[in-house]
Number of protein chains: 4
Amino acid sequence: MARKRGERVRAILATAADLLGERGYAGVNLEDVAERLDVTKGSLYYYFASKDELVTAAIEALGAEWTDRLEALPAHGPPTERLRALLREHIRIAVREHPAALRLFLVPDEWPEPQRDRIKALRHRHDAVFRAVVEEGARTGEFAVVAVDPTLQVLHAGMSQAPLWVRTDREIEQLTETLLKLVAATA
Amino acid sequence: MARKRGERVRAILATAADLLGERGYAGVNLEDVAERLDVTKGSLYYYFASKDELVTAAIEALGAEWTDRLEALPAHGPPTERLRALLREHIRIAVREHPAALRLFLVPDEWPEPQRDRIKALRHRHDAVFRAVVEEGARTGEFAVVAVDPTLQVLHAGMSQAPLWVRTDREIEQLTETLLKLVAATA
Amino acid sequence: MARKRGERVRAILATAADLLGERGYAGVNLEDVAERLDVTKGSLYYYFASKDELVTAAIEALGAEWTDRLEALPAHGPPTERLRALLREHIRIAVREHPAALRLFLVPDEWPEPQRDRIKALRHRHDAVFRAVVEEGARTGEFAVVAVDPTLQVLHAGMSQAPLWVRTDREIEQLTETLLKLVAATA
Amino acid sequence: MARKRGERVRAILATAADLLGERGYAGVNLEDVAERLDVTKGSLYYYFASKDELVTAAIEALGAEWTDRLEALPAHGPPTERLRALLREHIRIAVREHPAALRLFLVPDEWPEPQRDRIKALRHRHDAVFRAVVEEGARTGEFAVVAVDPTLQVLHAGMSQAPLWVRTDREIEQLTETLLKLVAATA
DNA sequence: TATGAATGAGATTTCATTCAT
DNA sequence: AATGAATGAAATCTCATTCAT
C-alpha cells in the first residue's frame with residue numbers, strides 16, 4: 001500500500017531528523033533511529049539503501065516542510081511587517097519544533113560531501129524567501145543595510161542558534177526585534 | 001624536560017584542533033591525529049588518557065588563546081570603536097586562523113557531557129569581553145539595544161559562522177559593520 | 001525465535017564459563033571465546049553489551065545451575081546423611097564438570113565491582129543450602145561445631161579447591177569424609 | 001652499592017606481591033607497580049628483564065619468607081599444640097600481612113606455566129611443615145585422620161581463604177579450632 | 001514487510017617492552 | 001640508576017551493512 005509506505009517513510013525521516021539534530025551526522029547511528037521507531041535496524045534498509053541516503057532524505061524533508069511554511073506567509077504589506085513575520089515564524093519553528101535543525105544550517109561541513117550539496121541547495125531556497133523581502137525593503141528605502149549578503153547571513157545565524165538559548169515567547173520577540181535592527185534605517 | 005613535553009603537547013593539541021575543526025568531534029579519529037603528527041596512536045595515550053580528554057584539552061587551548069587575544073585589545077576609547085575592533089579581530093581569527101572553531105561556540109550539544117561544560121565556560125569568558133563593551137555603550141547611551149542578551153547572542157552567531165562564507169577583507173568589513181547595526185542608535 | 005536465541009546464549013555462556021575457568025577473568029579474551037564458538041567477536045556483542053556483561057552472565061548461569069542441582073537433593077533424613085550427599089554432589093560437580101568454578105567461589109575480588117556483588121549473591125544462595133543442614137544438625141545435637149560460620153567457610157574452601165588435586169572416586173570419598181569431621185561429635 | 005640494590009629489589013617485590021594478591025597475574029600491570037613505588041615503569045626493567053621474571057621473583061620471596069616464619073616455630077611438644085600454633089601463625093600472616101597471598105596457594109592455574117611450577121614447589125615446601133606434624137600426630141594416635149592428603153588440602157584451603165572473611169582475633173581462634181577438628185579423635 | 005542474526009572493518013584503549021639520554 | 005618517550009601488538013568495542021527467513 002503506497003499510503004502505508006508513505007506514512008512509514010515520513011515517520012522514519014522525522015525521527016532521523018530529530019536525532020540528527022541532537023547529535024549530528026557522525027553521532028547518530030541506525031540502531032538508535034530504529035529503536036526510537038520501535039523497529040529493527042534491518043527494517044530501515046527496506047526503505048533506504050544506506051545511512052547516507054536516509055540522512056539525505058531526512059534533511060530534505062525537514063528543509064522542504066520548513067520552507068513551505070515560510071512561503072505560505074502573506075506576501076504583501078510593508079517589508080518590515082513581512083520580515084518580522086518571517087523571523088518570528090522561523091524562530092518559532094526552530095525553537096518549538098526543530099531545535100535539531102540548527103545543525104543543518106550551521107556547520108555544513110560536518111556532513112559528507114553528498115549531503116553537503118543538498119543542504120546548501122536547501123539553505124539557498126530557504127534564503128531566497130528572506131532575500132526577497134530584504135531586497136524589496138532596501139529598494140523602497142524602508143530598510144537600510146550595509147550589504148544584502150552579510151545581512152542575510154547574520155539573520156540566519158541568529159535565528160538558527162536560537163534553540164540554544166531561547167525559551168519563552170518574550171525571548172522570541174526580543175530576538176525578532178534585535179534582528180530587525182539589522183535592516184533598520186539609522187539616525 | 002618540561003620544555004620538550006610542553007611543545008609536544010602543544011603540537012598534539014594544535015593538530016587535534018585542526019582536525020576537529022575540519023570534521024567535528026565524531027568525525028575525528030586518533031589514527032588520523034597520530035598520522036598527521038607522524039607518531040603512533042599509542043603515543044597519544046601517553047599524553048592523554050582518552051580521546052575525550054585530548055579533545056577537551058584541544059578546545060581549551062584554542063579557546064584560551066583566542067580570548068587572550070581579544071582581551072589584549074585596547075580597553076579605552078568610545079564603545080563603538082572598541083566593539084568594532086573586537087568584532088574585526090574575532091572575525092579575522094575565525095576566518096584566517098581557526099575556521100575550525102565555529103564548532104566551539106555554536107552547537108555545544110555536539111559534545112559529550114564533560115566537554116560541554118568546559119566549552120560553556122570558555123564561551124562565557126569569551127562572552128564577557130563583548131558584554132562589557134555592549135553594556136558600557138548602553139549605559140552611556142551611545143548604543144541602543146533591544147536587550148543585551150539577544151544582542152550578544154546574535155553578535156556571536158554572526159561572527160562564528162563567518163568562516164563559512166567570508167573570504168575577503170572587504171567581506172570582513174561588511175560583516176563588522178552589519179553587526180554594529182545591532183547596537184546602533186535608531187532614527 | 002526465542003528458542004534459538006536461548007540456545008545460542010546458552011552456548012556462549014557455556015563456552016565463556018569454560019574459558020573463564022581455565023584462565024580467570026583477565027586471562028580470557030573475546031577473540032578466543034568467539035573462535036571456540038566459530039563466530040566473530042562482533043556476534044558476541046550482539047548478545048552481550050560488554051565483556052563484563054558476558055562474564056557476569058556466564059557466572060550467573062553456572063552458579064544457578066549448580067545450586068539447582070544441590071537443592072534438588074532429598075531434604076529429609078538424618079543431617080549427617082544429607083550433608084554427606086551434598087558434599088559428594090558438590091565435589092563431583094566441581095571435579096567432573098566445572099573445574100573452572102573454583103574461581104567463582106573463592107577469590108571474589110578478582111572480579112570487577114559489578115560482578116563481585118553478583119558472585120557474592122550466588123555464593124550466598126549456595127551457602128544457604130549447606131547452612132540449613134549444618135544448623136539443623138547442630139540443633140539436634142547430631143553435629144558438634146565450633147561455630148557455624150567458620151565451619152561453612154572451611155567446607156566451601158575444601159570443596160572448591162578439590163578440582164586442583166582430586167581425580168578418582170576414592171579421593172572424592174576421602175575428601176567427603178574428611179570434611180564431615182568438621183561437624184563430628186568429638187570424644 | 002649492593003646494599004642499596006638489595007633494598008630496592010625487596011621493595012619492588014613486596015609491592016608486586018601485594019598487587020598480585022589484590023588482582024591476580026593478568027590483573028596487574030607494571031604501570032601500577034611502578035606508580036605505587038613512585039618510580040617509572042622503565043626502572044623496573046633495570047631490575048627485572050620482564051614482567052614474568054618480576055612476578056616469579058615476587059612469589060618466590062613471599063613464599064620463602066612465609067615458610068621461614070612457620071619453620072621458626074618450636075618443633076617440640078604435643079602435635080595438637082604444635083599444629084594449633086602453626087595454624088594460628090599461618091592464618092595470622094594471611095589475614096594481617098598478606099591477604100594477597102591466597103591467590104598464590106589457591107588457583108595456581110591462573111599463572112603462566114613457568115610461574116606455575118615455582119608456585120607448586122613453594123607450596124610443597126610449605127606443605128611439608130604441616131605434613132610433618134600431622135603425620136607425627138597420626139603415628140602417635142593423638143590425631144585421627146581419614147587420610148593425610150585430603151586433610152592437608154582442606155587445612156590449606158581453609159587457611160588460605162581466611163583473608164576473605166576473617167577479621168577479628170576471635171575469628172582467628174574459631175577458624176583455628178574448627179580446622180583442628182579435622183585431626184580430632186572421634187567419639 | 002520486517003526481523004534477528006551475523007559479519008567485518010575500523011575505532012578506541014591497554015600494556016609489555018625498548019631505548020636514548 | 002632512572003626516566004620519559006615511544007612503539008606495536010593485541011584487546012575491547014562500535015556500527016553500517018547483508019541476508020535468510
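A, B, ... follow the sequence lines: proteins, then strands. Residue 1 opens every chain.
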query = Does Arg8(B) place a side-chain N or O at less than 4.0 Å from the phosphate oxygens OP1/OP2 of dG4(F)?
reply = no
Note to self: So Val28(C), base contact, sugar-phosphate only, or nothing? Heavy-atom distance under 4.0 Å.
What the structure shows: sugar-phosphate
message: When you measure from the side-chain N and O atoms of Ser43(D) to the phosphate of dA2(F), is any distance below 4.0 Å, counting only OP1 and OP2?
response: no
Between OH of Tyr45(C) and C1' of dG10(E) the distance, given in whole Å, is 14 Å
Ranking Leu44(C) and Ala49(B) by the position along DNA chain E of their nearest nucleotide, the one closer to 5' is Leu44(C)
Taken to the nearest whole Å, CG/Asp38(C) to C1'/dT7(E) is 13 Å
When rounded to whole Å, the CZ to C1' distance for the pair Phe48(C) and dT12(F) reads 16 Å
Practice item. Tell me, with the steps shown, if Leu54(D) and Ile12(D) meet side chain to side chain contact (heavy atoms under 4.5 Å, CB included). Key: CA-CA 9 Å; Leu54(D) 165 55; Ile12(D) 294 172; 3.6 Å; yes
Do the side chain of Lys51(A) and the main chain of Val28(A) share a donor and acceptor less than 3.5 angstrom apart? yes
Per atom distances to the Thr40(C) side chain, the nearest of dC13(F), dT3(E), dT7(E) is dT7(E)
Taking dA16(E), dT1(E), dT12(F) as options, the one with an atom nearest any side-chain atom of Asn29(C) is dT12(F)
* With the side chain counted from C-beta on, respond yes when Asn29(A) and Asp32(A) share a heavy-atom pair under 4.5 Å apart, and no when they do not. => yes
Separation of dC13(F) atom P from Glu53(C) atom CD, nearest Å, is 10 Å
Could you tell me whether Tyr47(B) contacts a base, only the sugar-phosphate backbone, or nothing, with contacts defined as non-hydrogen atoms closer than 4.0 Å?
sugar-phosphate
In terms of heavy-atom contacts, Ala94(B) and Pro163(B) come closest through O-CG, 3.6 Å
Is the number of heavy atoms from other residues, nucleotides or ligands within 6.0 Å of CG (Asp68(B)) greater than 12? yes
Tyr46(C) atom OH is separated from dT17(F) atom C1', nearest whole Å, by 14 Å
Atom NZ of Lys51(A) and atom C1' of dT17(F) are separated, to the nearest Å, by 12 Å
Leu30(B) atom CG is separated from dT12(E) atom P, nearest whole Å, by 4 Å
Are Leu122(D) and Trp66(D) side-chain neighbours, meaning at least one heavy-atom pair lies under 4.5 Å? no
Taking Watson-Crick and G-U wobble contacts under 3.5 angstrom, with | marking pairs to another strand and [ ] crossing pairs, the secondary structure of DNA chain F is written .||||||||||||||||||||
From NZ of Lys4(C) across to P of dT21(F) the rounded distance in Å is 9 Å
The answer to which of Glu31(B) and Lys41(D) contacts DNA chain E further toward the 5' end, by nearest nucleotide, is Glu31(B)
By nearest-nucleotide position on DNA chain F, the 5'-leaning member of Ser50(C) and Gly42(B) is Gly42(B)
Hey, does Arg36(D) have a side-chain heavy atom less than 4.5 Å from the side chain of Glu31(D)?
no
